[in-house]
Amino acid sequence: MSETDYDVVVIGGGGAGLAAAVTAAENGASVILFEALKELGGSTALSAGLFTAAGTSVQRGLGIDDSAEKYFQHYMDLNQWMLKPGLIRTFCEQAGPTLEWLIDLGVEIPAKISGNAHQPGLCQAGVEDVWRGHVPKDQGYGLVQVLDAARRKHGIEVVLDTRVQALLVEDEAVVGVIADDVALRAGAVVVASGGFAQDPTFVDRHYPVANKAGDSLFVVAAEGSRGDHLRFADSVEASLAGDGWGLMLPTVYFQRYHHWQSGFPPKSRIYVDADGRRFMDEDASYAVSTGIIDHRGGSAWIVFDENARLNLAAGYADWSAERVAEESDAGRTLRADTLDDLAELMAVPVATLRATVARWNAHLPRGEDPDFLRHRTLKNKGNTVDPDAIARGPFYAARILPAELVCTHAGLEIDQNSAVLNVRGETVPGLYAAGEAGAGVLGQRYVGGGNAVANALTMGRIAGRSAALVAVGDQALAI
Ligand SMILES: Cc1cc2nc3c(=O)[nH]c(=O)nc-3n(C[C@H](O)[C@H](O)[C@H](O)COP(=O)(O)OP(=O)(O)OC[C@H]3O[C@@H](n4cnc5c(N)ncnc54)[C@H](O)[C@@H]3O)c2cc1C
C-alpha cells in the first residue's frame with residue numbers, strides 16, 4: 001500500500017456501516033470495517049427491518065402512486081419543518097433507490113399488503129396517507145444477512161471484536177482511525193457506530209426526557225449503542241444535531257422487553273387520562289402516540305377487564321394473564337371488582353370513568369369508534385374482529401408511559417453527502433457519518449415505523465459513495 005492503508009475505513013457493522021462499506025466497494029474503494037462486538041448487526045439486526053420509502057417497485061406492484069416529493073412534504077410537515085429541507089429532500093429521494101438496491105442484492109419484499117411490521121410486504125408505517133412501510137422477509141436480521149453476503153462478495157475485510165478508539169486527525173482532516181492502539185490510515189472514514197441508548201451518561205446529556213420513565217425505563221437498542229460517535233466529536237470540533245430527540249415507545253410500567261418477547265396488551269383496552277376520559281386511538285402509530293401521551297402529562301391508565309386478561313396470548317414475558325395477576329396481587333396494577341371501585345383507586349372521577357367505559361362499550365365493540373377512529377387503524381392492521389366490551393370484573397388499571405428506549409437521534413451533524421459538519425458549518429475533510437451516528441434526518445417525530453432503518457441504510461449508502469469518491473480521487477460527488 002502507498003500512504004493509505006485503505007481508501008475507506010467504516011466504523012460499525014450495523015445497517016449503516018454495512019451499506020456504506022458495500023457501496024464504497026461498488027465505487028472502486030478498498031474498504032475495511034471495524035465492529036466492536038463479536039458479531040455484525042447492531043440494532044439493525046434486532047429490528048423488524050421496517051423501511052419507509054416512496055415510489056418503490058413494491059408500491060407500484062400494488063398499484064400505489066407515490067413519490068419522493070409527497071414523502072418529503074409529509075416528513076417535513078410531521079416534523080414541523082424543524083429539519084433541514086435540503087438534507088430531508090435527499091433522504092426522501094434516495095430512500096426508494098436504496099430499497100431497490102437492497103432488493104437487487106437479494107432482500108425479499110413481496111408486493112402484498114401486510115398488516116404489521118412482522119408480515120413481509122407493504123404496511124401502514126405511521127400516519128402517512130400513502131402506505132410506505134416496507135417489511136422485508138426475515139426482518140432486520142435478513143437485511144444484515146443480505147448486506148453481509150454482498151460485503152463478502154466484494155472481499156471487504158471485517159475486523160470483529162475491535163472497538164475503534166479514536167479518529168486519526170491531522171491538520172483538521174480525518175486521515176484514519178486508531179484501533180487496538182494501532183493507527184490505520186485511510187482516504188476517508190465513515191462513522192456508523194449507532195446511537196448512545198446504552199450509555200446512561202449520554203442519555204442524561206443528549207436525551208434526558210427518557211429518564212422521565214424512572215424505574216420503568218428499559219433499553220432495547222443493541223449493546224454496542226454506546227455513543228462512540230459523540231466521543232469522536234471533539235477531535236474534529238464536530239457540530240451535533242438532534243439533541244433531545246429519540247424514540248421512546250409507550251409501554252405498560254412492568255414491560256421489560258420489546259414486544260416480540262414481551263407480548264402485546266389486550267386489544268380490548270382503553271387509555272384513560274387523569275380526568276378518567278379516553279384521549280387517543282390506543283393503536284395509534286408511535287409516530288404520534290408518544291407525543292399524545294407526553295401532552296397528557298407523560299403517562300395514562302390502560303384499563304381492561306377480566307376477559308381481556310384471560311384472553312392474553314400465552315408464552316410472552318410481560319403481557320400474560322399470570323403476570324397481570326402477579327402485578328395486581330402486589331398492588332402495582334390496580335384491580336377492583338367494580339368500575340366505580342377502580343375509579344376510586346385510580347383517583348379519577350367515578351362518574352367520568354363510568355361514562356367513558358359506557359361510551360366505549362356502545363361503539364367500538366360494535367364496529368366503530370367515532371371519537372378516535374380506531375376502527376380504521378385496526379382495519380389497516382388486518383384486524384377483522386371487533387374488540388370486546390369492558391364488562392366483566394374484576395377490572396384492571398395500569399400505568400402506561402413512554403418507557404422503551406429504542407434509538408437515539410443526537411449525533412454528528414451531516415449534510416446531503418453524509419459529510420460531517422464542524423461547529424462552523426464547514427465539512428470536516430475525510431469524515432462521513434450515517435445511521436444513528438449521523439444526525440439530521442431523524443427528527444422529533446418518528447416518520448414511521450421504518451424511519452430509522454431507512455435512515456441507516458440510505459444515508460449509509462450515501463456516506464459510502466461519498467467516501468469512496470473522495471478517497472479514490474473523484475471529487476464530483478454524485479448527490
Ligand atoms: C428492537 C428494535 C426494533 C427496531 N425496529 C425498527 C424497525 O423495524 N424499523 C426502523 O426503521 N427502525 C427500527 N429500529 C431502530 C433501528 O433498528 C436503528 O435505529 C438502526 O438500525 C440503526 O442502525 P445503525 O447502523 O446506525 O446502528 P446499529 O445497527 O446499531 O450498528 C452500529 C454498530 O456499530 C458498532 N460500534 C459501536 N461503536 C463502535 C466502535 N467504536 N468501533 C466499532 N464498532 C462500533 C455497534 O456494536 C453496532 O454493531 C429498531 C430498533 C430496535 C432496538
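As the structure lists them, so they are numbered: ligands from 1, and atoms in each ligand from 1. As a basis for the values below, the full set of heavy atoms in this structure was taken, side chains included, without hydrogen atoms, waters or symmetry mates.
- The salt bridge (Lys or Arg N to Asp or Glu O under 4.0 Å) test with D283 is passed by exactly one of R269, R376, K379: R269.
- Closest heavy-atom approach to atom 32 (C) of ligand 1 among the candidates A192, G12, G42: A192.
- For ligand 1, the polar-atom distance check finds an N/O of A48 within less than 3.5 Å of one of the ligand's N/O atoms.
- For F196, no heavy-atom contact with ligand 1 is shorter than 4.0 Å.
- Contact annotation: for S193 versus ligand 1, heavy atoms closer than 4.0 Å belong to both the backbone and the side chain.
- Close approach to V220 involves these atoms of ligand 1, each under 4.0 Å from a residue heavy atom: 53 (C).
- Listed for the Q59 side chain is no donor-acceptor partner under 3.5 Å among the backbone atoms of S67.
- Note: no N/O pair closer than 3.5 Å links L37 and ligand 1 by distance alone.
- When the heavy atoms of A20, P136, S47 are ranked by distance to atom 6 (C) of ligand 1, first place goes to S47.
- Distances from ligand 1 to the non-hydrogen atoms of Y446 include at least one value under 4.0 Å.
- Of all the heavy atoms of T52, none lies under 4.0 Å from any atom of ligand 1, so neither backbone nor side chain is involved.
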**Message:** With salt bridge (Lys or Arg N to Asp or Glu O under 4.0 Å) as the criterion, how do R89 and E69 come out once you've worked through the C-alpha distance, each side chain's angles and the decisive distance to 0.1 Å?
**Reply:** CA-CA 8 Å; R89 180 65 170 235; E69 178 62 32; 2.9 Å; yes

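- Taking every non-hydrogen atom of A221 and a distance limit under 4.0 Å, the qualifying atoms of ligand 1 come out as 53 (C).
- Between G41 and ligand 1 there is a heavy-atom distance shorter than 4.0 Å.
- Where the criterion is an N or O separation shorter than 3.5 Å, residue side chain and backbone included, A36 meets it with respect to ligand 1.
- Proximity of a side-chain donor or acceptor of T290 to a complementary backbone N or O of Y286 within less than 3.5 Å is not detected.
- Shortest contact from atom 51 (C) of ligand 1 to any protein heavy atom: V406 CG1, 3.4 Å.
- Polar contact with ligand 1: present for G49 (N/O pair, distance under 3.5 Å).
- Compare A456, G140, G194, S43 by their heavy atoms: the one nearest to atom 30 (O) of ligand 1 is in S43.
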**Message:** Working note: W260 + H118, criterion side chain to side chain donor-acceptor pair (under 3.5 Å); need CA distance, chi angles, decisive distance, verdict.
**Reply:** CA-CA 10 Å; W260 296 350; H118 303 267; 2.9 Å; yes

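- With ligand atoms numbered from 1 in the order given, ligand 1 contributes 19 (O) to contacts under 4.0 Å with heavy atoms of C407.
- Selection from V135, V219, L50 by nearest heavy atom to atom 7 (C) of ligand 1 gives L50.
- For V164, a nitrogen or oxygen atom sits less than 3.5 Å from a nitrogen or oxygen atom of ligand 1, counting backbone and side chain alike.
- For Y257 (side chain) and Y316 (main-chain N/O), no donor-acceptor pair under 3.5 Å exists by modelled atom type.
- No heavy atom of R226 sits closer than 4.0 Å to any atom of ligand 1.
- Defined by atom type and a distance below 3.5 Å, a donor-acceptor pair is missing between the side-chain atoms of S299 and Y253.
- Between H258, E223, Q198, E35, it is H258 that holds the heavy atom closest to atom 1 (C) of ligand 1.
- Side-chain N or O atoms of E436 include one that pairs as donor or acceptor with a backbone N or O of T408 at under 3.5 Å.
- At least one heavy atom of G450 sits under 4.0 Å from some atom of ligand 1.
- Residue pairs satisfying the ring-ring contact (aromatic ring centres under 6.0 Å, His included) criterion with at least one member in residues 128-159, sequence neighbours excluded, are absent.
- Annotation for ligand 1: atoms under 4.0 Å from non-hydrogen atoms of A16 are 25 (O).
- Exactly one residue among H259, R323, Q261, R256 makes a side chain to side chain donor-acceptor pair (under 3.5 Å) with D318. That residue is R323.
- Taking distance alone, with nitrogen or oxygen atoms compared against 3.5 Å, D228 approaches ligand 1 more closely than that limit.
- Per-residue contacts place G435 under 4.0 angstrom from the following atoms of ligand 1 (heavy atoms of the residue considered): 26 (O).
- Residue F34 approaches ligand 1 through these ligand atoms, each under 4.0 Å from one of its heavy atoms: 43 (C), 44 (N).
- Considering V209, N211, V219 as possible partners of V203, the one that fulfils the side-chain contact (heavy atoms from CB on, under 4.5 Å) test is N211.
- When hydrogens are left out, the protein atom nearest atom 11 (O) of ligand 1 is V453 N, 2.6 Å; that is the closest non-hydrogen contact.
- Residue G15 approaches ligand 1 through these ligand atoms, each under 4.0 Å from one of its heavy atoms: 25 (O), 29 (O).
- The distance from ligand 1 to the heavy atoms of R163 drops below 4.0 Å at these ligand atoms: 40 (C), 41 (N), 42 (N).
- Checked by atom type and distance alone, the side chain of S43 pairs as donor or acceptor with a backbone atom of A222 at under 3.5 Å.
- Listed for the T162 side chain is a donor-acceptor partner under 3.5 Å among the backbone atoms of L160.
- Of the residues D228, D181, D180, the one that meets the side chain to side chain donor-acceptor pair (under 3.5 Å) test with Q165 is D181.
- Residue contacts with ligand 1 for N451 involve N, CA, C or O but no side-chain atom from C-beta outward (heavy atoms, distance under 4.0 Å).
- Side chain of K70 to backbone of D129: no donor-acceptor contact under 3.5 angstrom is found.
- Put simply, the side chain of R231 gets close to the backbone of R226: a donor and an acceptor are under 3.5 Å apart.
- For ligand 1, the polar-atom distance check finds an N/O of A452 within less than 3.5 Å of one of the ligand's N/O atoms.
- For ligand 1, the polar-atom distance check finds no N/O of F232 at less than 3.5 Å from any of the ligand's N/O atoms.
- R445 places no side-chain N or O within donor-acceptor distance of the main-chain N or O of V288, the cut-off being under 3.5 Å.
- With 3.5 Å as the limit, one finds no donor-acceptor pair spanning the side chains of T251 and E404.
- Formation of a donor-acceptor pair under 3.5 Å by the T377 side chain with backbone atoms of A284 is not found in this model.
- Of the protein's non-hydrogen atoms, E436 OE2, 3.4 Å is the one closest to atom 22 (C) of ligand 1.
- Ligand 1 has at least one atom lying under 4.0 Å from a heavy atom of T162.
- Screening V10, V428, V420, V174 against V189 for a side-chain contact (heavy atoms from CB on, under 4.5 Å) leaves a single residue, V174.
- Residue, atom and distance of the protein heavy atom nearest to atom 31 (O) of ligand 1 are G14 CA, 3.2 Å.
- For T44, heavy-atom contacts with ligand 1 shorter than 4.0 Å involve the backbone as well as the side chain.
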